[in-house]
Amino acid sequence: MNRRESMMDAASPEPDSYEPTPDDAPAPAEVGADPYEKLKEAKQLLDDGILTEEEFAAEKKKILGT
């Protein structure tokens, strides 16, 4: 093995040795989250202009299950 190959091996971890950190893990799903909190968040998005009235109404139906 020459010096360049030796440096490359030392600089790059092997793919099999990768372990995700807590920051890499996906956020847990909001199973059982308070529907009223979710509704308040959706309302805030509406007030901020991120959601349209139609999008808010659809989200509200989805959250409340109606």
Side-chain angles (χ1 to χ4, degrees):
M1 178 181 302
N2 66 30
R3 182 175 175 193
R4 182 170 182 236
E5 290 172 336
S6 176
M7 289 174 56
M8 288 177 57
D9 286 342
S12 60
E14 292 192 23
D16 295 342
S17 66
Y18 174 77
E19 293 184 29
T21 63
D23 293 335
D24 295 336
E30 292 187 33
V31 176
D34 182 17
Y36 297 106
E37 284 299 316
K38 292 173 79 174
L39 188 58
K40 284 173 32 177
E41 290 173 14
K43 176 66 166 101
Q44 186 63 51
L45 292 173
L46 173 67
D47 293 344
D48 291 343
I50 297 170
L51 293 179
T52 65
E53 288 287 342
E54 294 80 20
E55 291 168 327
F56 174 74
E59 189 66 19
K60 180 179 173 182
K61 281 185 176 185
K62 186 172 89 173
I63 292 169
L64 298 177
T66 58

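For the numbers below, each heavy atom of this structure counts, side chains included, while hydrogens, waters and symmetry mates do not. This structure is a prediction, so every number in the text was calculated from the model and none was measured.
With sequence neighbours excluded, no residue satisfies salt bridge (charged side-chain N to carboxylate O under 4.0 Å, His left out) with Asp48.
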Could you list the donor-acceptor pairs under 3.5 angstrom formed by side chains in residues 54-65, with sequence neighbours left out?
| from | atom 1 | to | atom 2 | distance (Å) |
| --- | --- | --- | --- | --- |
| Glu54 | OE1 | Thr52 | OG1 | 3.4 |
| Glu55 | OE1 | Thr52 | N | 2.7 |
| Glu55 | OE1 | Thr52 | OG1 | 3.3 |

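Residues Leu39 and Leu45 do not share a hydrophobic cluster, defined by chaining ILVMFWY side chains whose heavy atoms lie under 4.5 Å apart.
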